[in-house]
There are 2 protein chains.
Amino acid sequence: MKYSASKENHLKAIFHLQQEQGIVTTNALAASLRTKPASVTDMLKKLKEQKLLIYERYKGFKLSTEGRKAAVLVIRKHRLWELFLVKKLQFGWDEVHEIAEELEHISSRELVDRLDAFLGFPETDPHGDPIPDSQGRFQPRKQVCLSELPLNKVVQVSGIASQTTEMLELLQYNHIRLGTRLEIRKKFPFDDSLEVKVRNRPPVTISARVAKNVLVKDDEPLSEKR
Amino acid sequence: MKYSASKENHLKAIFHLQQEQGIVTTNALAASLRTKPASVTDMLKKLKEQKLLIYERYKGFKLSTEGRKAAVLVIRKHRLWELFLVKKLQFGWDEVHEIAEELEHISSRELVDRLDAFLGFPETDPHGDPIPDSQGRFQPRKQVCLSELPLNKVVQVSGIASQTTEMLELLQYNHIRLGTRLEIRKKFPFDDSLEVKVRNRPPVTISARVAKNVLVKDDEPLSEKR
DNA sequence: TTTTAATTTTAGATTTGTCTAAATTTATTT
DNA sequence: AAATAAATTTAGACAAATCTAAAATTAAAA
């Protein structure tokens with residue numbers, strides 16, 4: 001049940017890429033870990049042997065249930081430590097990432113859970129990211145900007161951050177307004193622009209500038225109990 | 001200025017043995033680290049290359065100024081984390097050693113110093129050991145081991161030298177913990193065991209082995225300010 | 001002072017995680 | 001569909017930290 005720091009880093013990175021991009025590739029993982037694709041392949045084999053990963057060579061890979069659990073625990077630790085550093089040790093929210101990268105590998109479960117209690121069972125870390133509870137349950141972030149949204153995830157527009165007339169006009173023109181259901185079809189890394197699809201409409205392209213100001217939340221008609 | 005966890009562990013162990021035994025041998029170091037003499041020799045060579053150690057093969061070795069500084073920093077971190085765990089996270093004083101063994105290798109100096117401030121610049125850790133300040137200064141403790149204590153002198157337990165779980169459990173069982181007031185009632189020269197009396201308790205017998213590891217200081221009612 | 005014993009070191013192997021360069025497989029173009 | 005490009009994997013190497021077994025050195029005993 002205890003994995004090396006490097007393994008934990010790989011699991012965590014895979015988890016995050018899985019969330020953001022839906023699918024993870026060897027190259028993307030290598031880039032995200034600032035390592036080389038060959039090294040990633042080596043590690044994938046080890047993670048597969050430990051049944052943390054479902055992996056077929058040349059085909060692709062994803063976390064197993066075990067792997068996801070391990071990844072979420074690392075994220076939990078990272079975010080709790082970040083919050084501790086900011087809230088208790090008066091670090092700035094932009095200074096804590098590096099340190100938390102080390103602290104997240106301290107193994108004691110008891111420690112994490114007590115830290116959680118010490119901080120008052122917080123829901124989010126200093127960057128607004130949700131902190132998984134001791135069972136690994138995530139309350140997904142309620143609102144994110146469009147620019148941080150993973151591909152192909154249907155969401156509902158829940159807010160517009162900067163409401164200049166020009167911006168609202170542009171959105172209006174593209175049939176995007178509060179409550180609009182949409183999803184991202186493609187991301188263009190060149191300028192970080194997005195191809196966005198609104199139901200019953202042809203896809204439109206949105207600049208990174210605009211995307212940053214459109215806030216969205218999960219489209220969950222189920223949870224709207226009444 | 002940053003050393004591997006293993007190197008830090010070696011430096012720390014050398015420092016402690018230097019204090020206790022004056023001189024350190026390859027075998028003693030190996031025993032203390034639960035590793036093999038050959039492995040120690042390998043490490044000594046590396047530490048010498050980094051000028052953390054003065055070392056001549058077959059002759060002996062000791063920490064350089066650099067090496068001592070590094071060792072003291074690790075000890076500082078260890079003891080601050082132990083105190084944090086006990087004081088803030090409500091761990092028992094006998095549960096924190098293992099966890100602190102991991103935490104002591106977190107590198108950020110800023111972190112240590114802020115932790116120090118957060119804890120109110122404490123002088124001693126939960127076992128009564130002095131915490132070096134940010135300059136690495138130590139205030140040596142004025143204490144002796146129980147085995148060197150004269151008969152019928154009331155003292156207070158101020159530290160436990162060797163903190164194995166087994167040993168702490170034994171002490172716990174005999175109601176001896178940090179701060180406990182006790183005195184020696186009888187010494188048995190046959191095996192150097194001692195009969196010890198704790199207030200409000202029947203006397204118990206303590207082996208020489210254990211007595212060597214229990215540190216006591218004069219009972220100072222002065223510190224009970226009122 | 002030899003001989004024996006204990007300590008320490010070397011030699012060579014192993015594990016983990018990483019790398020480069022070359023080969024293989026899959027994807028994309030023409 | 002053949003050719004080219006991109007992605008992925010293998011092969012072989014290396015550094016760190018450890019080990020076992022054997023050799024070298026120092027210490028202790030006869």
Side-chain angles (χ1 to χ4, degrees), chain A residues 1-14 17-18 21-62 67 70-71 74 101-102 104-105 107 151 186-190, chain B residues 1-14 17-18 21-63 67 70 74 101-102 104-105 107:
Chain A
M1 305 296 142
K2 211 192 142 186
Y3 312 110
S4 73
S6 179
K7 275 179 189 158
E8 289 190 340
N9 285 336
H10 283 249
L11 293 172
K12 188 179 58 154
I14 294 169
L17 289 174
Q18 232 168 245
Q21 322 284 314
I23 202 159
V24 199
T25 66
T26 303
N27 273 347
L29 186 51
S32 141
L33 289 164
R34 281 113 172 282
T35 180
K36 295 294 182 298
S39 312
V40 165
T41 302
D42 290 342
M43 185 57 86
L44 293 181
K45 282 194 280 193
K46 290 172 200 159
L47 294 176
K48 184 194 179 178
E49 290 212 341
Q50 272 167 95
K51 296 191 197 299
L52 297 165
L53 208 62
I54 288 119
Y55 168 56
E56 265 183 284
R57 63 208 244 299
Y58 288 112
K59 281 281 279 180
F61 53 91
K62 63 175 188 182
V74 178
E101 284 290 303
E102 284 185 62
E104 73 188 5
H105 302 297
S107 58
L151 281 177
K186 204 156 171 21
K187 297 185 178 188
F188 301 99
F190 171 64
Chain B
M1 306 294 140
K2 213 192 136 185
Y3 312 108
S4 73
S6 179
K7 277 179 187 156
E8 290 191 340
N9 284 337
H10 283 252
L11 293 172
K12 190 179 53 155
I14 295 169
L17 289 175
Q18 232 169 243
Q21 323 285 313
I23 201 155
V24 198
T25 66
T26 303
N27 272 348
L29 186 49
S32 142
L33 289 164
R34 281 114 173 277
T35 180
K36 295 295 181 297
S39 312
V40 165
T41 303
D42 291 342
M43 184 58 86
L44 293 182
K45 282 194 280 191
K46 290 172 202 162
L47 293 176
K48 184 194 178 182
E49 291 214 340
Q50 272 167 96
K51 299 191 194 298
L52 296 166
L53 208 63
I54 288 119
Y55 167 56
E56 264 183 283
R57 61 206 246 300
Y58 288 113
K59 280 282 278 182
F61 52 91
K62 64 175 186 182
L63 293 175
V74 177
E101 284 289 303
E102 284 184 62
E104 74 189 4
H105 301 297
S107 57

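Every chain is numbered from 1 and lettered A, B, ... according to where its sequence line falls, protein lines coming before strand lines. Values reported hereafter were calculated over all heavy atoms of this structure, with side chains retained and with hydrogens, waters and symmetry mates removed. Here the structure is a predicted model, which is why all the values come from computation and not from measurement.
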Determine the contact category for [X]: base if any of its heavy atoms lies under 4.0 Å from a base atom, sugar-phosphate if only primed atoms, P, OP1 or OP2 are that close, otherwise nothing.
{"X": "A:Thr26", "answer": "sugar-phosphate"}
{"X": "B:Ser6", "answer": "sugar-phosphate"}
{"X": "B:Phe61", "answer": "nothing"}

Distance below 4.0 Å between [X] side-chain N/O and [N] OP1 or OP2:
{"X": "A:Lys45", "N": "D:dT10", "value": "yes"}
{"X": "B:Thr41", "N": "C:dT9", "value": "yes"}
{"X": "B:His10", "N": "D:dT18", "value": "yes"}
{"X": "A:Ser4", "N": "C:dG17", "value": "yes"}
{"X": "B:Thr35", "N": "D:dT18", "value": "no"}
{"X": "B:Tyr3", "N": "D:dA17", "value": "no"}

Rounded to whole angstroms, how far apart are [atom1] on [X] and [atom2] on [N]?
{"X": "A:Leu53", "N": "D:dT8", "atom1": "CG", "atom2": "P", "answer": "14 Å"}
{"X": "A:Lys48", "N": "D:dT9", "atom1": "NZ", "atom2": "C1'", "answer": "13 Å"}
{"X": "B:Glu56", "N": "C:dT8", "atom1": "CD", "atom2": "P", "answer": "15 Å"}
{"X": "B:Lys7", "N": "D:dT18", "atom1": "NZ", "atom2": "C1'", "answer": "14 Å"}
{"X": "A:Lys36", "N": "D:dG12", "atom1": "NZ", "atom2": "C1'", "answer": "18 Å"}
{"X": "B:Arg34", "N": "D:dC19", "atom1": "CZ", "atom2": "C1'", "answer": "17 Å"}
{"X": "A:Leu29", "N": "D:dT9", "atom1": "CG", "atom2": "P", "answer": "11 Å"}
{"X": "A:Leu44", "N": "D:dT10", "atom1": "CG", "atom2": "P", "answer": "11 Å"}

Take B:His10 and B:Leu44, measure what side-chain contact (heavy atoms from CB on, under 4.5 Å) needs, and give me the verdict at the end. CA-CA 9 Å; B:His10 283 252; B:Leu44 293 182; 5.8 Å; no

Indicate yes or no: at least one non-hydrogen side-chain atom of [X] is less than 4.5 angstrom from one of [Y].
{"X": "A:Val74", "Y": "A:Leu11", "answer": "no"}
{"X": "B:Ile14", "Y": "B:Phe61", "answer": "yes"}
{"X": "B:Lys46", "Y": "B:Leu53", "answer": "no"}

Provide a list of protein-nucleic acid N or O atom pairs under 3.5 angstrom, restricted to nucleotides 21-28 of chain D.
unit_1	atom_1	unit_2	atom_2	d
D:dA24	N3	B:Tyr58	OH	3.4

Which residues pass the side chain to side chain contact (heavy atoms under 4.5 Å, CB included) test with B:Ala38, not counting sequence neighbours?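 Side chain to side chain contact (heavy atoms under 4.5 Å, CB included) check on B:Ala38 returns nothing, list empty.
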
Option passing side-chain contact (heavy atoms from CB on, under 4.5 Å) with B:Leu29 (candidates B:Asn27, B:Thr26, B:Leu33, B:Thr25):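 The side-chain contact (heavy atoms from CB on, under 4.5 Å) with B:Leu29 is passed solely by B:Leu33 among B:Asn27, B:Thr26, B:Leu33, B:Thr25.
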
To check you understand the geometry: which heavy-atom pair defines the closest contact between B:Lys45 and B:Tyr55, and what is its length?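 Heavy atoms of B:Lys45 and B:Tyr55 come nearest at CG-CE2, 4.1 Å.
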
From the list [options], which nucleotide is the closest neighbour of the side chain of [X]?
{"X": "B:Met43", "options": "C:dG17, D:dT18, D:dT9", "result": "D:dT18"}
{"X": "B:Lys46", "options": "C:dG17, D:dT18, D:dT10", "result": "D:dT18"}
{"X": "B:Asp42", "options": "C:dT10, C:dT18, D:dA16", "result": "C:dT10"}
{"X": "B:Asn27", "options": "C:dT8, D:dT9, C:dG17", "result": "C:dT8"}

Please check if the side chain of B:Gln18 supplies one atom and the backbone of B:Lys62 the other of a donor-acceptor pair under 3.5 Å.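 Side chain of B:Gln18 to backbone of B:Lys62, a donor-acceptor pair under 3.5 Å: no, none is there.
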
